[in-house]
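As the structure lists them, so they are numbered: ligands from 1, and atoms in each ligand from 1. Given the structure is predicted, the values throughout are model-derived calculations rather than measurements. Both backbone and side-chain heavy atoms feed into the values below; hydrogens, waters and symmetry mates do not.
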Amino acid sequence: MKLNSLKNCALILILLNLVSCSENDENIDTDEETTTETIEVPEVYSKIYGATSITSDGTYIFIKTDGTPDHKSVYYPTSSDLYEDFSGTTFEGYSFVKNPNTIATFDYTFKIPLNPTVATNHAATPLGAIGVSLNGVPLFNQYAGPNQPLTDEFKSFDQYWGHPTGNGTFHYHIEPLYLTTVTASKSALLGFLLDGFPVYGPEEDGEDVTGLDAYHGHSHATEDYPDGIYHYHITNTDPYINGNGYYGTPGTVTQ
Ligand SMILES: [Zn+2]
Ligand SMILES: [Zn+2]
């Protein structure tokens with residue numbers, strides 16, 4: 001009798017296994033259907049390593065970030081592991097002067113065209129975020145305020161050439177040194193402007209990029225876009241990232 005009940009138990013266990021297996025299979029099928037319905041995000045956007053999520057609706061790419069740098073900064077609260085006293089050299093050799101602001105966390109959604117196209121009227125870039133860099137920090141334009149040059153801001157850039165605004169919005173107006181010297185390179189893709197066109201570093205084939213157009217870009221094939229694409233280059237002379245407005249039609253950003 002004991003043997004029989006053991007056998008029965010074993011049978012029941014096997015049956016249970018079969019049932020649970022078929023349930024699992026159903027689950028897998030459901031997952032696969034969901035995956036097929038999701039719009040695929042092109043591989044190139046996975047380079048935005050600071051994003052908390054990247055999705056697409058087939059027309060736009062939605063890049064979510066918290067906007068805080070992954071590098072050390074004198075602008076983190078002193079209690080933060082990422083706080084570090086200023087070291088290194090400021091852009092243009094100014095003596096470093098810390099601004100009174102502290103890095104804050106935000107809830108950014110950068111909504112950029114999946115298939116960027118040239119605009120007929122090249123909209124001026126606004127103050128505030130005009131794009132997103134690989135570590136999720138927003139890119140700002142070449143002005144400190146309405147038509148005010150950046151000159152007075154240089155001295156407050158941290159060792160990786162970023163700084164926060166009065167409400168703690170950390171940003172780069174010029175070359176993001178942490179990306180060009182640590183996590184990417186001087187010739188790598190560094191981010192995207194809101195019009196969806198990619199932003200590259202200051203060098204190409206080991207030399208400083210020259211001959212950019214009024215929007216601070218040009219078109220040719222890149223490692224990420226073998227068929228060629230219009231792209232901006234960050235350089236170390238004004239206007240640094242973008243020139244006279246967006247080359248394409250910008251999406252939006254919420255913070
Ligand atoms: Zn600034
Ligand atoms: Zn180029």
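- When distances from the Zn ion (ligand 1) to the N, O or S atoms of Glu153 are compared, OE1 comes out shortest.
- With the Zn ion (ligand 2) as the vertex, atom NE2 of His231 and atom NE2 of His218 span an angle of 110° (nearest 10 degrees).
- Below 30°, between 30° and 60°, or above 60°: for His218 and His233 the angle between ring planes is above 60°, a perpendicular geometry.
- Side-chain atoms of Asp224 and Tyr200 form a donor-acceptor pair, as typed in the model, at a separation below 3.5 Å.
- Here the Zn ion (ligand 2) is the vertex; the NE2 atom in His233 and the NE2 atom in His220 give an angle of 160° (to 10°).
- Residue Lys155 comes nearest to Phe96 through the heavy atom pair O-CD1, 3.2 Å, listed as atom of the first residue, atom of the second, then distance.
- Checked against the Zn ion (ligand 2), the N, O or S atom of Glu204 at the shortest distance is OE2.
- Inspection of the Tyr247 and Asp213 side chains reveals no N or O donor paired with an N or O acceptor under 3.5 Å.
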